[in-house]
Each structure stands twice: as C-alpha cells, then as structure tokens.
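Letters go in sequence order (proteins before strands), and every chain restarts at 1.
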Amino acid sequence: MEMETPLTMNIRPGRRPPDIAAYEKNGGYRAVRKALKGMAPAEVTGAVKDAGLKGRGGAGFDAGQKWSFVPMGEDAPHPKYLVVNADEMEPGAFKDRLLLEGDPHQLVEGAILAAYAVQAEVAFVFLRWEYRLAARQLKQAVAEAYSRGLLGRNIIGSGFSLDLYLHISGGRYICGEETGLLNAIEGKRANPRSKPPYPQTSGLWGKPTVVNNVETICNIPHIVNNGAGWFKGLSRSAEGGTKIYGASGRVRSPGAWELPMGTTLKEVLEEHAGGMQEGYSLRGLLPGGASTDFLTPAHLDVKMDFGSVEAAGSRLGTGTIIVLDDRSCPVGMVLNLERFFARESCGWCTPCWGGLQFIVQLLGDIEAGRGRMEDIDMLASLAGMLAPGHTYCALAPGAAEPLASALRFFREDFERHVHQKRCPWKHA
Amino acid sequence: MEIEAAMAPYPVRQAAAIDALRIVQRHQGWVSDEAIAELSKLLEMPIAELDGTASFYNLIFRRPVGRHVILACDSVSCWLMDSKKLMSHIAGCLGVDPGRTTADGRFTLLPVVCLGACDRAPAMMIDEDLHTNVDPDRIGEILDKYE
C-alpha cells in the first residue's frame, strides 16, 4: 500500500499552492464543516487527545492536553486567543516553510479548528519576516477564507466567529519561545515570561491563549476527518501520525520529506537524503535542529520519534537533521552553534547571557589553538550551569545540549586542538 | 493612516509597535530617534520603552542602511556548506566588513540567523529575495542586479 502523506498531499515542488477552490475540491474545509456543524468543542479536543498528537515545534507536548488547560464555559475570560507559531528560526529547521508555502489553506483550516476547540475568537499567525513567499500565500488564503465565510462572523452559519491576523515578526530567535512570542505580539521586547502562569490561562494581555506550531496545526483537519485510529496507523511507533523530517549538510540530496513517525535515522539519511556526498563520511548529527544533543553513526537505527530519540540521549526537536561530516571540525561546528545561542540570548538570565559569552570565548580559544586542557573541563561545567531550572526559558538548556554531547563524543578532537595548538582541520 | 490601520487586530495601541516601526522603516529606510519620539505618542508608550522594543529586534534598523540589505546566513547548516567563504567573498566584493554599509550607500551587509533554507545552503537574502545554493565565485553577478 502506498504510504499516506496527508500533510503534503497538496504540495508539488515548484508549483503554486492550491487556491481555495482547488483545496476544497481535494476535500479541504470538510473538517471545518464537520466540526462546526456537528461536533462540540470538547469533542474536537477529545479527538486530538485520543490521537495523541505531540506538538511538532520541538518540545513534543501533547496538543490535546495543552488545549484542555484552557478555561471553558460561560465564566471563562474573553477574548481567548490562538497563536500559530510560524517563527521557524531553529538553525537547521525548514519544515514549516514547506507547509506554509505549499498549502496555506491547510494551516488556515487547522487554525479554525483549533480556535473552535478552545473557543478562541481571535487567532494570530506569528510569521518570521524572512518567509516572504509564505506571507504572500497566507494573506491570499486568509482573504479567500473570509470571502467564503470560513473566517469572520458566524462561520458557515455555525454561530462560531473567528478573526485571523498575520503578525510579521521583527526578528530574533527567542520570539519562537512561546511566552517571548506573546510579548512580541504585545509590542514589547520578546523576553520570555516566568511560568506559571502558563499561556493557556494567562497569555496575550492576560487572557487564555494557546500557542501551537505550524506542523501541529496542519495535522488537525486530518485528525478531525479521519479519527484517532487512522492517525495512529500512519506511524511506525507508539506515537501517532506522520512527521516532516529533513536533512542538511553534506548529504547527496538535502531536503524535507513527510514519512511515518518513527522512521529510523538511517532510512531518512540513506534512502531519502541519498547518503553522504562523495568524499565525505558521517561523523555525527543533530537529530532535530541546533538545540539537540549530538548522536553518532552508532545511533542510526534509532527511530525518529520523541520517545526513542530521548531514550538515545537526544531530542527529536524539529526532526530536521543536521549532518556533521568528517571534513568539518566538530569544535568549529560547536563554536558556530554557541555563537548563535550567545547572540540570540535575550539577556535576561545570567547563566544564559554570561555563561554563553564565556563558552564562546573558551571555544574560540581552543579552535584558534590557544586552548588549555582545563578549558575543556570548564566548558563541561558551564554546560551544566545552563541546565533546566537555572533560567526562565529553554534557550540555555538547548544551547547546552550540543555542547555537552560534543564534549562526550568528540572529546579527543577537543584535546587534539589543545595538544597541536591549532585546528587539525585547517591546513598548515 | 497606515499605522492606525495596523492597530486594528489589537486591544491596545502599543501592540502595533513592530508594525509601526516597520512602516516607518519601509518609508525612510531606517528608524531615527525622531521617528521613535513621534511613534511613541501615537502608540501611547514611553519613548524609552519603544526604543527598547525597536532595538531588540534585529530586522528593525536603528541606524541608516544602504539601498539594499544583504542578510547572509551564518548558522550551522550554511556553515557546514562553507558559508564563511561566501561571507568573505561578499565582503571582498563590497569592500566592507559584515555589519557595514558601502561608501556609495548601495549595500549593507548583515549576518543573519538561519533562513530556513538549509536544504539549499548556503543561503542569503537581498532585500526580499531569497538566494539559495549560492556559488561564492558568482556573487558579483548576483550583486549586479541590485542597483
């Protein structure tokens, strides 16, 4: 049987995305009609909960459970908000771009359903400025949805109303952190907020707010149409659905592919990315973006789902693999990653901004051949300082992951830099 | 007018700050101290707070930029595909370091975080155009298209 690819079935490389007529012809907005006319909001949440849809932004939190924390009923504060996180700024991640550019109506339909489930009256799509094509496609899709009565007052006569706006970001990685994102929409600096309270009870302007990633939202119409059993059947692991995986670096065919959740690293890299380029071999990889721990060729049989990658000592994250080849310096790569995190730290928590600056200095010294052995131990202890609980948000723990794991897997490469007083990858 | 319209989705005027700053930037190229002072009245927020917001976001320019802005990715996937060489070729072509504007005011060169085009690295943007799989040796041809 041919593999089902619900999220990308309308997406053809190099072709314009379906307009509303083409989207509806392929079964689009059927889920909105089904839910708004025939299902209670709690039934929509229930369907998503039963499916076990884990958030596709990187943290993997159960989406239905997230929604279930939103106060419901007549006494609930209003307005409530839905925010679609389309900020995709994790280095190495490019999966949401595919969905945004390729099938914007799928996102609009998913947003209507998610808003209906939590009874939100206003939705924002928080989009990074650099995704110019996605912005144009989304504006068009939203305008078409309004003109067909799928957005606005009394959607298709159901009594449910929703306004959907596009918020174009001013930049900065930290805007992708869900409470930083809320501050950005409010016109403030995007410093993450202290939690609790969580956005579901106190989000935008203190009102109940749900923030979901693009890929998470795109799954909703299919779950509403086909049910939890179908969704679970798509997968090759205990976690349901498909996943958009990607690969970048020195592989033959870098790209993004929708595959069953739980596809192995090996299958993604060898069958879909075409293996390594001629003359390069695999040294290591980050399975899900910059803020995940390194894995090595010994891990190629690991299934790419949240539980399996965690059991292997890393995180699925965004599911977009970054490949380290044998002709690139691991210390140089980690220096590049930590420079990124240091620059993007919002500056609020000391272990993050101060620790990362120190880490960058030490890594820079080692890479330049000025490092000492004790610097390597100092890096390990600094990585420990960035651990969860020492800062408001996950930026610092994310920055620690590639560093700590590189010190574990590539320690001898760090030591060679110190002993040889130069980077062995740079020719003398 | 344009700025008033940008306030429509929000319950408070301050929320339109990013939109308002971008509108000013679209018309004037960057956001000056005078513009911040004007906007703070319109947005009903203190000057210092608006400046704090403006200076937080890397795509809001608080200093003048060239007619064209080059955003060259310096994140990890592009790094693995030799983006350092690309950056040094661009800098060489323009005769300025990253972060600077050419003397003729034609280009500003800025490093930027991952552009989400990692499967087509190295990547960069010039104004609103995305350039992918950029060959450092052909950077001159690309720059020629931007007068």
Side-chain angles (χ1 to χ4, degrees), chain A residues 79 88-97 122 124 128-133 163 165-175 184-191 204-205 207 246-250 253-256 286 289-290 320 322-325 328 332-333 336-337 339-340 343-344 346 402, chain B residues 6-22 25 31 39 43-45 49-61 71 73-84 110-121 123-125 127-130 132-133:
Chain A
E88 190 160 71
M89 290 188 76
E90 179 75 14
F94 50 98
K95 65 179 184 76
D96 293 338
R97 181 196 276 274
V122 181
F124 291 103
R128 62 179 302 187
W129 177 87
E130 293 92 333
Y131 282 10
R132 304 312 303 151
L133 178 60
D163 280 312
Y165 302 103
L166 194 55
H167 177 102
I168 309 280
S169 175
R172 289 303 284 277
Y173 174 65
I174 200 62
C175 294
I185 291 181
E186 291 186 11
K188 302 171 180 162
R189 295 168 76 87
N191 299 115
L204 281 173
W205 299 287
K207 303 292 188 192
S248 65
R250 298 278 175 190
S253 317
L286 302 172
T320 42
I322 306 167
V323 171
L324 168 65
D325 59 82
S328 296
M333 178 168 170
N336 175 279
L337 292 165
R339 266 196 186 129
F340 161 81
R343 187 173 70 191
E344 296 302 318
C346 81
Chain B
M7 292 172 180
Y10 309 112
V12 298
R13 298 170 74 85
Q14 163 172 2
I18 313 278
D19 309 81
L21 290 162
R22 189 178 286 109
Q25 186 165 295
V31 181
L39 280 181
L43 295 164
E44 293 173 357
M45 64 195 284
E49 196 180 348
L50 181 59
D51 196 16
T53 295
S55 56
F56 188 89
Y57 297 92
N58 65 303
L59 298 173
I60 301 297
F61 305 136
L71 300 174
C73 174
D74 67 355
S75 288
V76 64
S77 297
C78 284
W79 180 86
L80 287 160
M81 301 302 283
D82 220 358
S83 61
K84 271 189 158 169
L110 299 174
V112 74
V113 302
C114 182
L115 291 170
C118 319
D119 51 340
R120 295 166 282 168
M124 64 175 188
M125 290 182 80
D127 303 333
E128 301 209 2
D129 308 330
L130 177 67
T132 57
N133 294 314

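Of the listed residues A:Lys95, A:Arg339, A:Lys188, the one with more heavy-atom pairs under 4.5 angstrom with chain B than any other is A:Lys188.
By the 4.5 Å heavy-atom criterion applied to side chains, A:Arg343 and B:Asn58 are not counted as neighbours. When side chains are defined from C-beta on, B:Phe56 counts as touching A:Cys346, because their heavy atoms get closer than 4.5 Å.
Here OH of A:Tyr165 is found 12.0 Å from CG of B:Asp19. Values are rounded to the nearest 0.5 Å. To the nearest 0.5 Å, atoms CD (A:Glu130) and SG (B:Cys73) are separated by 10.0 Å. Between B:Ser55 atom OG and A:Arg189 atom CZ the span is 5.0 Å, to the nearest 0.5 Å. Taking OG from B:Ser75 and CD1 from A:Ile322, the interatomic distance works out to 9.0 Å, rounded to the nearest 0.5 Å.
Heavy-atom distances place the backbone of A:Glu186, and not its side chain, under 4.5 Å from chain B. For a residue to count as touching a neighbouring chain, one of its non-hydrogen atoms must lie under 4.5 Å from one of that chain's; by this rule A:Asp163 does not touch chain B.
Side chain of B:Arg22 to main chain of A:Ile168: a donor-acceptor pair is present (N/O by atom type, distance under 3.5 Å, no hydrogens or angles).
The aromatic rings of B:Tyr10 and A:His167 sit perpendicular, their planes meeting at an angle over 60°, well past the 30° parallel limit.
Minimum interatomic distance between A:Ser248 and B:Ser77 (heavy atoms only, all atoms of both residues): OG-OG, 2.8 Å. Of all non-hydrogen atoms in A:Met333 and B:Trp79, the two that sit nearest each other are N-CH2, 3.3 Å.
Under the 4.0 Å criterion applied to side-chain N and carboxylate O atoms, A:Arg97 and B:Asp119 are not assigned as salt-bridge partners.
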